[in-house]
Protein chains: 2
Amino acid sequence: MKRHQTTILDIAKELNISKSTVSRALTNHPNINPETKKKVLELAEKMDYQRNMLAISLITNKSYTIGVIVPEFISSYFPKVIVSAQIEASKAGYNIIISQSNESYETEVKNAKVMLANQVDGVLVSITKETRNYDHLKIFQRKGIPIVFFNRICEEMIVPKVIVDDYEGAFKLVEHLLQTGKKRIAHLAGPDSLSISKGRLNGYLDALKKHHIEIDEELIIPYDLSLRKVKIYVKHLLGLENPPDAIFAVNDPTAIEVVQTIKKIGLRIPEDIAIAGYSDDYASSLMEPKLTTVAQPVDEIGKIATQMLIDQINREVADWKATTKMLKTKLIIRSSTVKETTSNPE
Amino acid sequence: MKRHQTTILDIAKELNISKSTVSRALTNHPNINPETKKKVLELAEKMDYQRNMLAISLITNKSYTIGVIVPEFISSYFPKVIVSAQIEASKAGYNIIISQSNESYETEVKNAKVMLANQVDGVLVSITKETRNYDHLKIFQRKGIPIVFFNRICEEMIVPKVIVDDYEGAFKLVEHLLQTGKKRIAHLAGPDSLSISKGRLNGYLDALKKHHIEIDEELIIPYDLSLRKVKIYVKHLLGLENPPDAIFAVNDPTAIEVVQTIKKIGLRIPEDIAIAGYSDDYASSLMEPKLTTVAQPVDEIGKIATQMLIDQINREVADWKATTKMLKTKLIIRSSTVKETTSNPE
DNA sequence: CTGTTAGCGCGTTCAG
DNA sequence: CTGAACGCGCTAACAG
C-alpha cells in the first residue's frame, strides 16, 4: 500500500546540498562539479533512487510513452509487429503501452481513453473489425497527439499510414491459382469496413478479369472473420451445383480452418481443391499441406510505423505529414496449391 | 510538439466556478450540487476533457498500472497469458504496460527500471533464460511494490508465484511414451536456471525410474532454447550407437523443430521415433504429425497471477503473502506419439 | 558552479 | 454545498 520512494529531496538532505544540484547531477547537466556529481550518483545508486517519470512527464508535457492499440493478439501477426515497434521505440527512448481490443469496438474506445489519460506522446493503431466510427481516435488529432495507422487503417482520417499492397498481393496469388489450372476460385472476403478486405477482394476480382474468367458472385462469401463460421461456408461452397476448385481466404487463420475442414471431408488438397491464405502465419509453414500465402514484412511494418510516429511527435502540429507508406508483399507458394513444393535451400 | 490539453482550470473558467468544484463533479464526490455536476460533465465531454492520470498518480501515489515483463513474444504462450491478464486487470481498473526482453538479461534489467520509473503499482514477471541475478527485481520488493512471478519464476525470492506442475506434466508424458512401447527416450532439457526445466527434467527422470528404465546420460541434452541448435542435437542423437526411439523436447517450439528435422531426414513419426513437446503451442495441433504435448491452462495463469498481484497491491507490505499457486496440466496425445489419434468429438 | 523560486494538473485538506 | 490554499516530485528560470 505505502511505497518507499527515494526522492531527490532525500538525497539532497543526506548530502546537505540543494535539490537543484542533485537534479543537475542526475540529468548530466553541463554546469556541475564532477565531484558533487559523483557523490550524488553513488548515493542515488545506493538508495535505489529511480527518477519519477510521472513528475517529469507532468512538467515537460512529454511522457516518452507510445500507445499501441491492436485488435487482437492471437495470430502471430500483431505480436511480431509489436516486437519490432518496441525495439525501434526503445532506440529513441520511448516505452510502449499495449492494449488489445479483442476485436471489440467498445474495448477499443476504452483503450483509447486510457492512452489519452496516460498522456501518451503518440499512438500506433490498427482498428477492430467492428470499428466504423472514429471519434475516439479523432480526439488524438484534436489534442495534437500524433497517430499512425498500420495494417487496419481508417481511410477517412488524414494521418500517416503503413500498409502493404493488399491489392497486388491478392492479384499475384489469384494469378498463381489460375496458372495451376484452377478455374473456379472462391473467396472468403473480409468485412468491407476494413481496407485490407477491400484491397484483397479487388486484387482477386481484377486477376480474374485479366484472365477473362467470369466473376461468379456465388463464389464470393462475405465473412466477418469469426473462425467458427468457416466450416459452414466451406460446406456451403462445396454443396454448390458448380463447386469451386480453389478457395482464397482473406487471412491465414481462416485458410487454416478451411484446410482442416476440407481434410475432414476427405477431399485432396490441392488436386481437388487448392487453398490459399494471406499473411504467412506462424503455423502456415508447419501444417500439412503447407499453406500458400502472401507474406507481409512484419518487422518493417512495426519499424517504419514507429519511425513515422516518432517523426510526427518531434514535429509541430502544423508540420504534420500524412504520407502513406505502402510496402510490398511476397507470394509464398507451398503445397496447398502446388502438389510438390520445390524444396527451398535452407 | 505542443499538446492541447483541456484542464480542470479551463472548465472552471468557462463555468465561472472554482477548480475544486469541478474536480468534485468529475470524481463523483458526495457533496456536490447535482445541477452543477451535470453542467460540468457536459462541458467536459464537449471539451474532450480527459483526466491527467499522471497528475493524479503523482498525488495519490497510485498509478493503476501493472507492469508485465516477459521473456519473449513469439510463441503463442505469453501473448495468451497477457490477454487474460489484461482482461482481469481491466476489471479492477488497472492498465497494463508490457515489455518483452527478447530473452536478454540486459533488456530485462532495463525494462524493470522503466517499470519502476513509471511508478507501476505492481509487476507480473517471467524471467529470461539468461537471468541468474535478481537484483533488478528485488528493488521492487524493497520499494514495497508487489511482484508476482508466473511460469519462469525466481526461486530465491519469497513472493507469490503461479506455476504449473511441470514435474507431473513431464512424468505423465514420459509414462505415455513408455506405454506406447518406447524404451530409449531422449530429452532436450532446458537451462537449469529455469525452474520449469528442472521440473520437467525431474518428471522425466522419475518416470523412467518408476518403470525401471536405466537412465542414459547420453540421451539428456543440455539445451539453451536456441532453436537453431536443435537440428544439430537431433542429428547427434540419431548418430548415437544406440539411438533414441523417442524425443521429449522441453517446449513445443523445440519439438516442432525436431519434427521438421526428423521429417527431412526421412524417419517415420511415431513408428521410428516419437516426438513430444510441452505447452500446446498454437501450431502443435495443425502440423503433421500433430504434436503430443502437455497443455497449460494459460487463461487461468494470467487471471490468477493478476488477481494475486492486485490482492498484494491492496495489502500493507507487512501483510504480503507469498503463496505459490500450482496449476494442473493436461496431457494431450496426438499423432506424433500414437499412430492414429482417436478422433476427439468437436 | 550552486541555491531559490515557481509551477506542471490535480486531489485534498481546511474554512466558510 | 463551495472556495482557497497546499503539495505530490520534479525541472526550469532566475539570481547569485
Subject >> 5′-ward residue of the pair A:Leu26/B:Ala55 relative to DNA chain D >> reply: B:Ala55
Original post:
Between A:Phe73 and B:Phe78, does the ring centre distance come in under 6.0 Å?
Top reply: no
Subject >> From D:dT11, D:dT2, C:dG9, nucleotide with atom closest to B:Gln5 side chain >> reply: C:dG9
Subject >> Length of the CD1-C1' vector between B:Ile8 and D:dA4, whole Å >> reply: 15 Å
Original post:
OP1 or OP2 of C:dG11 sitting under 4.0 Å from any side-chain N/O of B:Ser23?
Top reply: yes
Original post:
Is B:Lys129 paired with B:Glu72 through a side-chain N to carboxylate O contact shorter than 4.0 Å?
Top reply: no
Subject >> Whole angstrom value for the distance that separates P of D:dT11 from NZ of A:Lys62 >> reply: 15 Å
**OP:** May I ask you to verify whether the side chain of B:Arg24 and the base of D:dG3 hold a donor-acceptor pair under 3.5 Å?
**Re:** yes
Original post:
Can you check whether A:Thr36 has a side-chain N or O nearer than 4.0 Å to OP1 or OP2 of C:dT2?
Top reply: yes
Subject >> Euclidean distance, atom CE of residue A:Met53 to atom P of D:dT11 [Å, nearest integer] >> reply: 9 Å
Original post:
How long is the line joining NZ of B:Lys13 and P of D:dG3, in whole Å?
Top reply: 16 Å
Original post:
Out of D:dC10, C:dG11, C:dG9, which nucleotide sits closest to the side chain of B:Asn52?
Top reply: C:dG9
**OP:** Report which part of the nucleic acid A:Ile59 touches: base, sugar-phosphate, or nothing (heavy-atom distance under 4.0 Å, all strands).
**Re:** base
Subject >> Residues A:Glu300 and A:Lys325 bridged, charged N to O under 4.0 Å >> reply: no
Subject >> Salt bridge flag under 4.0 Å for residues B:Asp311 and B:Arg315 >> reply: yes
**OP:** Could you tell me whether B:Lys38 and B:Glu35 make a salt bridge, using a distance below 4.0 angstrom between a side-chain N and a carboxylate O?
**Re:** no
Subject >> Side-chain-base donor-acceptor pair under 3.5 Å for A:Ser20 and C:dT4 >> reply: yes
**OP:** Could you check whether B:Asn31 gets within reach of a base, just the sugar-phosphate, or nothing at all, counting any heavy atom under 4.0 Å?
**Re:** base
Subject >> Atom-to-atom span, CG of B:Asn61 to P of D:dC10 - whole angstrom >> reply: 11 Å
Original post:
Please give, in whole Å, the distance from C:dG11 P to B:Leu54 CG?
Top reply: 12 Å
Original post:
Given that B:His29 and B:Leu58 both sit by DNA chain C, which one's nearest nucleotide is further toward the 5' end?
Top reply: B:Leu58
Original post:
If you look at every strand shown and take non-hydrogen atoms under 4.0 Å, does A:Thr27 touch a base, only sugar-phosphate, or nothing?
Top reply: sugar-phosphate
Subject >> Electrostatic pair B:Asp48-A:Arg142, nearest N-O below 4.0 angstrom >> reply: yes
Original post:
Which whole-number value in Å describes the distance from B:Lys19 NZ to D:dG7 C1'?
Top reply: 12 Å
Subject >> Rounded interatomic separation in angstrom, taking CG from A:Asn33 and P from C:dT2 >> reply: 5 Å
Original post:
Distance check: side-chain N/O of B:Tyr49 vs OP1/OP2 of C:dG9, anything under 4.0 Å?
Top reply: no
Original post:
Are OP1 or OP2 of C:dG3 and a side-chain N or O of A:Thr21 less than 4.0 angstrom apart?
Top reply: yes
